[in-house]
Colleague: 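Questions regarding the structure given below will be posed in turn.
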Amino acid sequence: MKRTLAFGGIAAGLLASAAIAAPAHADSVPSVNLANTNLAAQQVAQYWLGQAKANLVNATPYTAETTVSAKHVSTGGVSADDKAGVVGSSGDQKASTGTSKNVNLPKTTGKVFFTGADGKPHWCSATALQSQYKNVVATAGHCVYDTKSNATTLDNWVFVPGYYEGKTPWGIYVGKTAYTHYDYSVYEDGDRDYAFVTVYNGVIPTEGGTSGGKYESRVFHSKLDAYKELKKLQADKTTALSKLTVVPVYERSSHSGGWNNGGSHSGSWNNHSTPAPSQTPKIVGYKVVGFKVSIALKDVGTLGANVGGQGLAYNQKIGTAVFEFGYPSGSHPDGNYAFTGKTQKWAYGKTFKASAPSMKAEELVGIKSSFTGEGALGSSWLYRYSSAKRLGYLNGVTIAVSDTDGNGRIDTSVSPYFDGETLAVYKTAQANWSGKIV
């Protein structure tokens, strides 16, 4: 279910003020492991690369994002906590922004894929940042932290720069550790809805995706126990299984050529082992079946070495011009589908103050943009973007979209304001090494 946000609500604002009464803790940056061992990371990679990349291809936009009722904030709102500054990109430049129709899309932009609270594959937009070890990805906080089920993090988290219909031109990068602001991890404060994630070196399959054969569990006496085992297997990051399902086990036939319980030979749980209706078979138990994924992986190096990394801008003036890059998809409120989410898109606008008390966010920034919410979540806002170098400075990430004039068309994207506390979270993430998984 999508949360509905209302900008400027007084009652919601009082609730939000109570929820975020504690001060921000820039000196205490929470971190959560996504895949903290090589084996776990290998299994995450195989989850996405197995069965001809079926999970990548079938993933849908994450629906935790919301369409908000947005208003400009004329008084109060966000303000800088110190002097404006930037952290250099992988190709630092003195570029001027503009509205040129010929905009070269950044190589750093891609999709983050993960398993949602519903157990299905989903994606958001994200971008690669310059860092000490060339291994940091920035996205919306709720594209990492599962605010739907209140679980700690989303499972099977990977970043795929330049993703397009199953193609992974620079490999896939398994998330190692996620870093966010204290107020977001503790209070889900929308003003701090961003995350910086360190990723392992990228990998590609050396055999184009292979199956490790069929998987069959032991026989359970009850269907409930079999489903418990299925959920346990799905949650286990040290395994790489796909297309898991529960099937009945039938009593072995006494006559030649009849059915059997399938526990002793390969292929027994396929349709041909199911008795004809006229034979009224007896079900003696249930088991979990599926496929093992076994793929040889090849290391392709660090994220930054392959696609570069955007810089970071903080404490910038309101009214600053930025480009927005991401994979918007889904319909406008009037039902029109302007974006498919298959290809990277861009928008251009100047920031303005905004607030959303119902998501505990009173110090946001907005830009005019037609990006629709599904898929746009996590899109990068790049300040001083150079179309020639395809690099700039990250100055925001899309966390929601809005139809401000009520005409049924999305016209605004909103982001947390990047300040000195954002810089502190980034600095913590960028100083941590990830390494290889193979």
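Computed from a predicted model, the values in this text were never measured in an experiment.
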Colleague: Would a 4.5 Å heavy-atom cut-off, applied to side chains only, mark Leu39 and Ile437 as touching?
Modeller: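 Not in contact.
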Colleague: Has Thr139 got a side-chain atom pairing as donor or acceptor with Ala126's backbone, closer than 3.5 angstrom?
Modeller: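 Not a single qualifying donor-acceptor pair exists.
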Colleague: With distance as the sole test, does Thr428 use its side chain to make a donor-acceptor pair with the main-chain N or O of Val29 at under 3.5 Å?
Modeller: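 Judged by distance alone, no pair lies under 3.5 Å.
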Colleague: Counting C-beta onward and ignoring hydrogens, is there a side-chain heavy-atom pair between Thr180 and Tyr145 closer than 4.5 Å?
Modeller: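 SC-SC contact between Thr180 and Tyr145 confirmed.
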Colleague: Give me the ring orientation class for Phe113 and Tyr163: parallel if the planes are under 30° apart, tilted from 30 to 60°, perpendicular past 60°.
Modeller: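 If you compare the ring of Phe113 with that of Tyr163, the planes turn out perpendicular.
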Colleague: Out of curiosity, Cys143 SG to Tyr62 OH, how far, rounded to the nearest 0.5 Å?
Modeller: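 Rounded to the nearest 0.5 Å, the SG-OH separation comes to 7.5 Å.
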Colleague: Below 4.5 Å, heavy atoms only, C-beta onward: do Ser386 and Leu391 meet side chain to side chain?
Modeller: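 Counting from C-beta outward, Ser386 and Leu391 never come under 4.5 Å.
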Colleague: Below 4.5 Å, heavy atoms only, C-beta onward: do Thr109 and Ser380 meet side chain to side chain?
Modeller: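 In contact.
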Colleague: Does Tyr250 form a side chain to side chain contact (heavy atoms under 4.5 Å, CB included) with Lys282? I'd like the steps, not just the answer.
Modeller: CA-CA 6 Å; Tyr250 298 98; Lys282 178 182 179 181; over 6 Å; no
Colleague: To the nearest 0.5 angstrom, please state how far the OG atom of Ser217 sits from the CG atom of Leu233.
Modeller: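 Answer for the OG-CG pair, Ser217 versus Leu233, is 7.5 Å.
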Colleague: Decide side chain to side chain donor-acceptor pair (under 3.5 Å) for Asn135 and Ser131; before the verdict, give the C-alpha distance in whole Å, the side-chain angles of both, and the deciding distance to 0.1 Å.
Modeller: CA-CA 7 Å; Asn135 65 340; Ser131 64; 3.3 Å; yes
Colleague: For Glu362, does its backbone N or O pair with a side-chain atom of Asp191 as donor and acceptor, under 3.5 Å?
Modeller: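 Pair found, side chain donor or acceptor close to backbone of Glu362.
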Colleague: Quick one: closest heavy-atom pair of Pro106 and Gln344, and the distance?
Modeller: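 Closest pair (atom of Pro106, atom of Gln344, distance): CD-OE1, 3.2 Å.
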Colleague: For the residue pair His122 and Phe114, categorise the inter-ring angle as parallel (less than 30°), tilted (30 to 60°) or perpendicular (more than 60°).
Modeller: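 Rings of His122 and Phe114: tilted, 30 to 60°.
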Colleague: Given Tyr417, which partner from the list Val365, Leu364, Thr351 fulfils the side-chain contact (heavy atoms from CB on, under 4.5 Å) test?
Modeller: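 Only one option passes, and that is Val365.
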Colleague: Between the side chain of Thr115 and the main-chain N/O of Gly119, is any donor-acceptor distance below 3.5 Å?
Modeller: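 Answer holds: no.
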Colleague: With sequence neighbours left out, what residues match Phe220 under ring pair (Phe, Tyr, Trp, His ring centres under 6.0 Å)?
Modeller: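 Applying ring pair (Phe, Tyr, Trp, His ring centres under 6.0 Å) to Phe220 gives none.
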Colleague: For residues 225-234, which residue pairs pass the salt bridge (Lys or Arg N to Asp or Glu O under 4.0 Å) check, not counting sequence neighbours?
Modeller: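 Sorted pair list comes back empty.
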Colleague: With sequence neighbours left out, what residues match Lys436 under salt bridge (charged side-chain N to carboxylate O under 4.0 Å, His left out)?
Modeller: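 Partners of Lys436 under the salt bridge (charged side-chain N to carboxylate O under 4.0 Å, His left out) test: none.
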Colleague: List for me each residue that meets side chain to side chain contact (heavy atoms under 4.5 Å, CB included) alongside Thr177, sequence neighbours excluded, and say none if there are none.
Modeller: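 With neighbours one apart ignored, the set is Ser31, Asn33, Tyr179, Thr198.
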Colleague: Ignoring hydrogens, what is the shortest heavy-atom contact between Val199 and Gly175? Give both atom names and the distance.
Modeller: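 Distance-wise, the nearest heavy atoms are CG1-CA, 4.0 Å.
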Colleague: Which distance, rounded to the nearest 0.5 Å, do you find between the OG of Ser415 and the CG of Asp193?
Modeller: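 One gets 9.0 Å once the value is rounded to the nearest 0.5 Å.
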Colleague: I would like to know whether Val438 and Gln42 meet side chain to side chain contact (heavy atoms under 4.5 Å, CB included); could you show each step before the answer?
Modeller: CA-CA 8 Å; Val438 292; Gln42 290 170 16; 4.1 Å; yes
Colleague: So, using ring pair (Phe, Tyr, Trp, His ring centres under 6.0 Å) as the criterion, who are the partners of Tyr426 when residues are at least two apart?
Modeller: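 Expected list: Phe196.
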Colleague: Tyr173: which residues meet the ring pair (Phe, Tyr, Trp, His ring centres under 6.0 Å) condition with it, sequence neighbours left out?
Modeller: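 Here no residue qualifies.
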Colleague: Nearest heavy-atom pair of Tyr327 and Ser379: which atoms, and what distance?
Modeller: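 The answer is N-OG, 4.2 Å.
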Colleague: Suppose we screen for side-chain hydrogen bond (donor to acceptor under 3.5 Å, both in side chains). Which residues come up paired with Asn336, at least two apart in sequence or across chains?
Modeller: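 Partners of Asn336 under the side-chain hydrogen bond (donor to acceptor under 3.5 Å, both in side chains) test: Arg409.
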Colleague: State, to 0.1 Å, how close Thr398 and Glu324 come at their nearest heavy-atom pair, and which atoms those are.
Modeller: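 Closest pair (atom of Thr398, atom of Glu324, distance): OG1-OE2, 2.7 Å.
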Colleague: Distance check, rounded to the nearest 0.5 Å: Asp118 atom CG versus Thr60 atom OG1?
Modeller: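 One gets 7.0 Å once the value is rounded to the nearest 0.5 Å.
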Colleague: Any sub-3.5 Å donor-acceptor pair from Thr372's side-chain atoms to His332's backbone N or O?
Modeller: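 No, the answer is negative, given that no donor and acceptor are paired below the 3.5 Å cut-off.
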Colleague: Are the ring centres of Phe325 and Trp346 closer than 6.0 Å?
Modeller: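 Between Phe325 and Trp346, the centre distance exceeds or equals 6.0 Å.
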Colleague: Heavy atoms only: give me the nearest Ser125-Val112 pair and the separation to one decimal.
Modeller: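 So the two residues come closest at O-CG2, 4.3 Å.
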Colleague: Give the intermediate values and the outcome of side chain to side chain contact (heavy atoms under 4.5 Å, CB included) for residues Tyr348 and Val322.
Modeller: CA-CA 6 Å; Tyr348 177 83; Val322 295; over 6 Å; no
Colleague: Any side-chain heavy-atom pair from Ile399 and Val414 closer than 4.5 angstrom?
Modeller: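 In contact.
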Colleague: Is the shortest heavy-atom distance from the side chain of Thr168 to the side chain of Lys53 under 4.5 Å?
Modeller: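 Yes, side chains in contact.
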Colleague: For Asn36, give me all partners under side-chain hydrogen bond (donor to acceptor under 3.5 Å, both in side chains), at least two apart in sequence or on another chain.
Modeller: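 Scan of Asn36 (side-chain hydrogen bond (donor to acceptor under 3.5 Å, both in side chains), adjacent residues dropped) gives none.
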Colleague: How about Val289 and Leu244: do any of their side-chain heavy atoms sit closer than 4.5 Å?
Modeller: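 A side-chain contact is absent here, since even the closest heavy-atom pair is not under 4.5 Å.
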Colleague: Using atom types as modelled and distance alone, determine if a side-chain donor or acceptor of Gln130 lies under 3.5 Å from a backbone N or O of Gln310.
Modeller: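 Pair absent, no side-chain N/O of Gln130 close to backbone of Gln310.
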Colleague: Side chains of Thr302 and Asn201: any donor to acceptor distance under 3.5 Å?
Modeller: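 Not at all, the side chains of Asn201 and Thr302 share no donor-acceptor pair under 3.5 Å.
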Colleague: Judged by atom type as modelled, is there a donor-acceptor pair below 3.5 Å linking the side chain of Lys298 to the main-chain atoms of Ile204?
Modeller: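 It does not hold such a pair.
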Colleague: For Lys427, which residues count as a side chain to side chain contact (heavy atoms under 4.5 Å, CB included) partner, sequence neighbours excluded?
Modeller: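 With sequence neighbours excluded, Lys427 shows a side chain to side chain contact (heavy atoms under 4.5 Å, CB included) to Leu423, given in chain and number order.
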Colleague: Please walk me through it: do Tyr200 and Ile172 pass side chain to side chain contact (heavy atoms under 4.5 Å, CB included)?
Modeller: CA-CA 9 Å; Tyr200 292 96; Ile172 71 171; over 6 Å; no
Colleague: Side chains of Asp189 and His181: donor-acceptor distance under 3.5 Å anywhere?
Modeller: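 The criterion, which ignores hydrogens and geometry beyond distance, is not satisfied for His181 and Asp189.
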Colleague: Please name all residues satisfying ring pair (Phe, Tyr, Trp, His ring centres under 6.0 Å) with Phe418, sequence neighbours left out, ordered by chain then number.
Modeller: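 With sequence neighbours excluded, Phe418 shows a ring pair (Phe, Tyr, Trp, His ring centres under 6.0 Å) to Tyr194, given in chain and number order.
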Colleague: In chain order, what residues pass the side-chain hydrogen bond (donor to acceptor under 3.5 Å, both in side chains) check against Ser329, with sequence neighbours excluded?
Modeller: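 Here no residue qualifies.
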Colleague: Do Glu421 and Val425 have side chains that approach each other closer than 4.5 Å (heavy atoms only, starting at C-beta)?
Modeller: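 Side chain of Glu421 against side chain of Val425, heavy atoms only: no contact under 4.5 Å found.
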Colleague: Working to the nearest 0.5 angstrom, can you tell me the gap between Leu154 CG and Asp146 CG?
Modeller: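 CG of Asp146 is found 4.5 Å from CG of Leu154.
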Colleague: Within this structure, what is the CH2-CG distance for the pair Trp48 and Asn55, rounded to the nearest 0.5 Å?
Modeller: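 So the CH2 of Trp48 and the CG of Asn55 are separated by 5.5 Å.
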Colleague: How would you list, by chain and number, every residue that makes a side-chain hydrogen bond (donor to acceptor under 3.5 Å, both in side chains) with Thr127, sequence neighbours excluded?
Modeller: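 So Thr127 forms a side-chain hydrogen bond (donor to acceptor under 3.5 Å, both in side chains) with Thr108.
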Colleague: Closest heavy-atom contact between Arg192 and Asp183?
Modeller: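 For Arg192 and Asp183, the tightest heavy-atom pair comes out as CG-CB, 4.2 Å.
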Colleague: Taking the six-membered ring for Trp, are Tyr314 and Tyr393 closer than 6.0 Å centroid to centroid?
Modeller: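 No - the distance between ring centres of Tyr314 and Tyr393 does not fall below the 6.0 Å cut-off.
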Colleague: Is a side-chain N or O of Tyr184 found less than 3.5 angstrom from the main chain of Ala195, in a donor-acceptor match?
Modeller: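 Absent.
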